[in-house]
Amino acid sequence: MPLDRARAPGQGQSGDDGVEVAVDAGGEVVAWDREVPQWMVAGIAATRLRWSLKKSLTTLGLDETVEILAQHRDEQLRTGIIDAADRSWLFTLYFNATGTELLACSGVKRKPPSQEDGQKLQL
């Protein structure tokens, strides 16, 4: 799905600048062609925010995304992802029910595996 470069509400506040960089650098864009209830994606975003704060992960626009999704109660939404070409960031996209308007986007920077994690995987 081509990413419409039109400015979404809150442009620059919801990770949009990072998304543009990820797409320009060859990031893979996947948008799912199904609607999901707002409460589901809002709950996942809120959980992701709590988890990333607990793990001290670097995020872009995640707190704003939680706020924006809360404004769309009782709506159906569509989602998508952009995986940066170097796999350093994962962005989640949130669209209206028709997929024509980007409501919010957020990014989570992946941490490189630590030595301890690598050793656990080898056992």
Side-chain angles (χ1 to χ4, degrees):
M1 169 184 172
L3 182 65
D4 183 2
R5 297 279 171 90
R7 296 286 182 201
Q11 174 74 25
Q13 298 176 12
S14 308
D16 295 343
D17 295 335
V19 166
E20 196 167 304
V21 169
V23 170
D24 289 345
E28 181 182 354
V29 180
V30 177
W32 290 283
D33 191 23
R34 66 185 174 112
E35 296 176 15
V36 292
Q38 174 274 346
W39 61 264
M40 184 182 296
V41 293
I44 291 169
T47 300
R48 186 173 289 139
L49 177 59
R50 285 189 305 274
W51 183 79
S52 63
L53 290 171
K54 181 180 177 182
K55 298 287 186 178
S56 300
L57 297 177
T58 303
T59 64
L60 284 174
L62 191 51
D63 47 350
E64 292 94 345
T65 293
V66 170
E67 292 174 14
I68 291 168
L69 293 176
Q71 299 170 10
H72 293 274
R73 290 194 185 283
D74 300 323
E75 294 181 27
Q76 294 291 106
L77 305 176
R78 292 179 189 251
T79 60
I81 60 167
I82 299 176
D83 198 0
D86 64 2
R87 303 202 34 88
S88 61
W89 284 86
L90 180 68
F91 294 93
T92 306
L93 309 171
Y94 302 91
F95 299 95
N96 65 352
T98 60
T100 56
E101 181 183 356
L102 178 64
L103 303 174
C105 60
S106 59
V108 177
K109 185 172 185 173
R110 293 185 171 115
K111 281 188 171 182
S114 68
Q115 292 288 351
E116 291 177 11
D117 290 340
Q119 290 174 354
K120 288 179 186 175
L121 293 173
Q122 292 174 1
L123 294 177

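Model, not experiment: these values are computed from the prediction.
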Quiz prompt | Straight-line distance of Q38 CD to L103 CG, nearest 0.5 Å | solution = 10.5 Å
Practice problem: Please identify each residue that fulfils side-chain hydrogen bond (donor to acceptor under 3.5 Å, both in side chains) with T98, with sequence neighbours left out. | Solution: N96, T100
Exercise. Please name all residues satisfying salt bridge (Lys or Arg N to Asp or Glu O under 4.0 Å) with E35, sequence neighbours left out, ordered by chain then number.
Key: R78
Quiz prompt | By side-chain contact (heavy atoms from CB on, under 4.5 Å) - contacts of T47 (at least two apart) | solution = R50
Exercise. Would you please name every residue forming a salt bridge (Lys or Arg N to Asp or Glu O under 4.0 Å) with D83, sequence neighbours left out?
Key: R87, R110
Quiz item: T92: what forms a side-chain hydrogen bond (donor to acceptor under 3.5 Å, both in side chains) with it, not counting sequence neighbours?
Solution: R48
Quiz item: Does the pair T79 and I44 meet the rule for a side-chain contact (heavy atoms from CB on, under 4.5 Å), with working shown?
Solution: CA-CA 12 Å; T79 60; I44 291 169; over 6 Å; no
Quiz prompt | Partners meeting side-chain contact (heavy atoms from CB on, under 4.5 Å) with S52 (sequence neighbours left out) | solution = L49, L57, T59, L62
Quiz prompt | Enclosure of E28 CD (heavy-atom neighbours >12, cutoff 6.0 Å) | solution = no
Quiz item: Is the closest side-chain heavy-atom distance between Y94 and T65 below 4.5 Å?
Solution: yes
Quiz item: Of all residues at least two apart in sequence or in a different chain, which pass the side-chain hydrogen bond (donor to acceptor under 3.5 Å, both in side chains) check with D86?
Solution: S88
Quiz item: Which pairs pass ring-ring contact (aromatic ring centres under 6.0 Å, His included) with one or both residues in residues 49-90, sequence neighbours excluded?
Solution: W89-F91
